[in-house]
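Shown next, in structure tokens, is the structure this report addresses.
Values in this document were obtained by computation on a predicted structure and should not be read as measured data. Just follow the structure's listing: the first ligand is 1, and inside any ligand the first atom is 1.
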Amino acid sequence: MNMNMTNILHKILIVDDEKAICDTFSRLLVYSGYTCHMAANGREALNLLGEHDFSLVLSDINMPLMSGIELLRNVVDKHPELAVIMISGIDDRDVAINCLELGAYGYIIKPVQMNELVINVANALHRRELEIINKRYNQQLKELVAARTEDLNLAREETIMTLGKAAEFRDNETAQHTIRMSHYCRLLAHQYGLSESQCELIRLASPLHDIGKIGISDTILLKPGKLTEEEFTIIQQHPEIGYRILADAKSDSLRLGASIAYTHHEKFDGTGYPRKMQGTSIPIEGRIAAICDVFDALTTNRVYKAAIEVDKAIEIMVEGRGKHFDPELLDIFLNNMDAVIQIRKECADPENK
Ligand SMILES: [Fe+2]
Ligand SMILES: [Fe+2]
């Protein structure tokens, strides 16, 4: 039998209460190029496993203090990258199956032939190497998928946000409006008790609420002063245009965006537009967006009007309780004013910071 140089890299721990067996195995394996350590029982073995970097454990089953089976359980649990071969004086099928099920790489019956031992050790080490490579490969794959998913999520978020901003820019709104509005929406959805994933989706989709303004002519959209009745009717088409832009989308975020675009001007008492929906027949995302959109419009500077104080805005919104706004949602929004004001401060327009 030739000494294999790569074997030197492998340390083997031989565990047997019979010193003579340990010595025989050790001599044989050292001759094959391995480095060997010996332990007289499971407990001693565990101590050595903590001190050295072993590749393989050869363990007897019946030993004092800690049996080979118990040692096997410990090794599988604490040193999962170790190969374990069990060696027993009893040819018991059930014990052998039990060992393999627990994670042993092999089960050899005493007396052990010289070749049999060396072949079993080499095979176990080979299998161990393949399993380590496989595990690392899977780990790398997992990390790669996670990184790609993060990239995709970021791209999706940026795309939605940019689309939302594009629509708001046409209306002389600031870019920060979409950002504040989406944070208010998330906060309100969360406080209302929607699931974490729904809240996140609402945050992601709400910047699209005014996407339909892309389809409204500049002469009306940017007209200074009061709109005529006819012009106002045209402006009122933006929810439906927004819905039509997004309605065929397959992704959850864009579909939710379609719903928000369509329903953010509906009013709780049925006097809103475009469909005069009423009460809770207006989807929750639309009722949430209505509150957050109006609050932000009231409390920030626009080209055509100055911001009003938060207290005054609250007063105006309370007047709309049950009329414009879902009363339950409005109460929740107003009860969380500290968080709302925090968002308002953190996402303020540059000139207001
Ligand atoms: Fe709107
Ligand atoms: Fe808006």
When you compare the side chains of Ser259 and Glu285, does any donor N or O come within less than 3.5 Å of an acceptor on the partner? yes

Are any of the side-chain nitrogens in Asp210 or Lys213 under 4.0 Å away from the carboxylate oxygens of its partner? yes

For Ala40 and Glu44, which heavy atoms make the closest approach, and how far apart are they? N-OE2, 3.4 Å

With a cut-off of 2.8 Å, does His264 place any N/O/S atom under that distance from the Fe ion (ligand 2)? no

Answer yes or no as to whether an N/O/S atom of His209 is found below 2.8 Å from the Fe ion (ligand 1). no

May I ask you to test the Leu125-Ser55 pair for a side-chain heavy-atom distance under 4.5 Å? yes

Just checking, is any N or O donor in the side chain of Tyr105 or Glu131 under 3.5 Å from an acceptor N or O on the other one? yes

Check whether any N, O or S atom of Asp210, backbone or side chain, sits closer than 2.8 Å to the Fe ion (ligand 1). yes

Quick check: does Asp293 put an N/O/S atom under 2.8 Å from the Fe ion (ligand 2)? yes

Looking only at N, O or S atoms, find the one in His265 nearest to the Fe ion (ligand 1) and name it. NE2

